[in-house]
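To find a chain, count down the sequence lines: A is the first, B the second, and so on, and within it residues start at 1. For clarity, every value in this text was computed on a predicted model and none was experimentally measured.
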Amino acid sequence: MNKMIPRVRFAPSPTGFLHVGGARTALFNWLYARHFKGTFILRIEDTDQSRNTPQALSVIFDNLSWLGLDWDEGPLPDGSSKGQFGPYFQSQRKEIYNEYCNRLIAKELAYIKDEAVYFRMPRKRIIVSDLICGDIYFDCSLEKDFVIRRKDGSFVFHLVNVVDDLEMQISHVIRGEDHLSNTPKHIALFEALGMSPPLYAHIPLILNPSGTKMSKRDKGSSVQEYIDEGFLPQAFRNYLCLLGWSLKENREIFGIEEAIAKFDLPQIHRSNARFNHQKLLWINGEYMRSLPLDELYPHAFFWLKKAGLIDQNTDCSFLKQAVGIVREKVKTGKELVEWMKPLLSDTLQYDEAVVQQYLDDKGKEILREALPYLEEVSSFQAKELEAIIKNLSLKMGRKTADYIHRLRVALTGRTVGPSLYPMLEVLGKQKVLNRLYKVVGPKE
RNA sequence: GGCCCCAUCAUCUAGUUGGUUAGGAUACGGCCCUCUCAAGGCCGGUGGACGGGUUCGAAUCCCGUUGGGGCUACCA
């Protein structure tokens with residue numbers, strides 16, 4: 001086994017969703033592989049047949065792809081696979097497990113009892129040399145033998161995990177700390193099979209905001225929720241990096257390339273981290289604003305399409321401009337969709353209270369004052385528009401805000417929205433005038 | 001219960017050969033900016049669980065206590 005070129009793996013179970021803890025485990029494995037130009041392997045731990053469905057499998061593919069984590073070996077969505085160490089589904093590796101199991105029995109390192117196969121656990125001290133936790137001593141002198149093949153012939157996690165790791169020549173096992181206590185068993189299995197174990201790195205767990213274990217039942221525990229909420233993968237994986245790892249230079253926003261360049265195992269924290277939704281929101285907002293518009297646009301398109309706000313006929317250049325002004329104000333895709341509604345639809349929802357406050361007789365009068373200027377302005381650009389509204393307010397002795405607020409309400413039905421002048425420009429003269437006349441009544 | 005891991009602001013963290021006014025970020029509060037909302041700028045409070053050691057000196061090393069987490073399955 002060549003330790004210079006790491007081979008790492010992510011081995012999820014097709015449960016129907018990807019846990020955020022699993023996502024970070026995948027991310028750290030992937031970062032490690034990419035940093036050292038190693039191999040990142042995807043292996044599906046589907047020994048539990050009951051929950052092994054095609055949909056559950058595609059969730060893994062989809063969510064990993066969304067995160068931008070590509071694998072060098074493993075199954076592919078089209079049903080094929082790549083890599084020379086397959087099959088990459090545990091359900092297709094029974095012969096292999098059987099062979100190893102029999103080998104252990106032959107060497108009398110395992111035995112049959114009650115129709116199950118038990119591994120003869122060595123009664124000795126086992127040292128786990130962990131890349132993150134250091135040397136940990138386990139006194140296994142009282143450890144009980146454990147089942148590796150069940151009565152029904154299926155194999156237990158410890159056995160399949162070890163066999164797969166050695167068959168696939170995994171060099172570094174990077175996994176959640178919840179496996180730390182299992183590691184002596186795994187090491188004993190490796191030794192019984194005459195192999196030296198891989199290097200281990202147990203990463204701290206991700207906890208709920210309350211500090212309890214994040215289980216599948218908990219809200220916010222699945223990656224899909226964040227996709228649905230309209231988080232950007234760039235932001236989400238950036239945040240995931242921050243849970244247990246940091247650049248160590250007082251900077252928290254960094255791209256995946258920089259993470260790859262600087263990632264390594266020894267710098268990882270030893271203590272568990274709570275998931276902080278507020279901070280994720282902040283990071284997402286940062287990316288929302290700073291991503292090149294062309295990079296943000298496909299995500300926005302996806303959100304808007306899913307919300308049913310756009311179709312094939314929507315004007316792309318208008319859409320992109322609208323996203324460009326709205327993204328300054330929002331933190332998630334869901335918010336963006338909400339803010340885009342008045343820009344995309346010509347049937348506005350006016351709140352009664354808002355109308356009374358802003359579009360009463362006085363409000364309409366103010367809008368009428370502005371209308372001729374908006375009609376006559378030579379170029380419908382934010383700068384020009386700002387100039388004419390400012391001049392108008394000077395001339396009429398009003399506050400600029402008097403015009404701005406009423407225009408916003410008249411044009412969007414809302415008191416909160418994008419900055420006015422850019423919005424006027426994006427909507428364009430025609431839409432602006434149409435909407436305003438709809439509010440104040442036709443020209444006399 | 002047994003075994004293992006962990007312990008710096010509310011939260012994520014910097015610190016790693018003991019000597020810092022314990023730094024940053026999010027959140028929170030105040031002020032400024034302002035066209036609503038954001039963003040931005042400035043300021044602010046809050047911190048090494050507790051108790052013992054070692055030392056001239058401990059967030060940093062040792063021990064104990066407490067607290068949190070994990071494992072202890074014919075789940076993975």
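B:rU34 sits 11 Å from B:rA38 when the C1' atoms are compared, rounded to a whole Å. On the C1' atoms, B:rC63 is 31 Å away from B:rU46, given to the nearest whole Å. Across the C1' atoms, B:rC12 and B:rC71 are found 26 Å apart, a figure rounded to whole Å.
For A:Lys144 and A:His179, each mapped to the nucleotide of RNA chain B holding its nearest heavy atom, the one lying further toward the 5' end belongs to A:Lys144. When each of A:His405 and A:Lys331 is assigned the nucleotide of RNA chain B bearing its nearest heavy atom, the one mapping closer to the 5' terminus is A:His405.
Checking B:rG70, B:rC35, B:rC12 against the side-chain heavy atoms of A:Leu242 singles out B:rC12 as nearest. Nearest to the side chain of A:Lys151, among B:rG24, B:rC74, B:rC35, sits B:rC74. Set against B:rC75, B:rC71, B:rA25, the side chain of A:Ser181 has B:rC71 as its closest nucleotide. Distances were taken from every side-chain heavy atom of A:Ile136 (C-beta onward) to each of B:rC4, B:rG40, B:rU26; the shortest belongs to B:rC4. Looking at the side chain of A:Arg274, the nearest of the listed nucleotides B:rC35, B:rA27, B:rU11 is B:rU11. When distances run from any side-chain atom of A:Arg150 to the nucleotides B:rC74, B:rG24, B:rU36, the shortest one goes to B:rC74.
In this model, the phosphate group of B:rC74 is not approached by any side-chain N or O of A:Ser154 to a distance below 4.0 Å at OP1 or OP2. Under 4.0 angstrom from either OP1 or OP2 of B:rA14 there lies at least one side-chain N or O belonging to A:Lys248.
Counting only distance, with no hydrogens or angles, the side chain of A:Arg120 and the backbone of A:Glu108 share a donor-acceptor pair below 3.5 Å. Here the side chain of A:Trp339 pairs no donor or acceptor atom with the backbone of A:Leu343 at under 3.5 angstrom.
Glycosidic conformation of B:rG48: syn, with the torsion inside 90° of 0.
No donor-acceptor contact under 3.5 angstrom links the side chains of A:Thr332 and A:Asn284, judged on distance only.
Within the structure, the side chain to side chain donor-acceptor pair (under 3.5 Å) test picks out the following pairs touching residues 19-31 of chain A (sequence neighbours left out): A:Trp30-A:Asp70.
Contact annotation: side chain of A:Arg149 to base of B:rC74, donor-acceptor pair absent below 3.5 Å.
In this structure, A:Phe254 and A:Trp245 have perpendicular ring planes: the angle between them is above 60°, well past the 30° mark.
The separation between A:Glu328 atom CD and B:rA39 atom C1' is 8 Å, rounded to whole Å.
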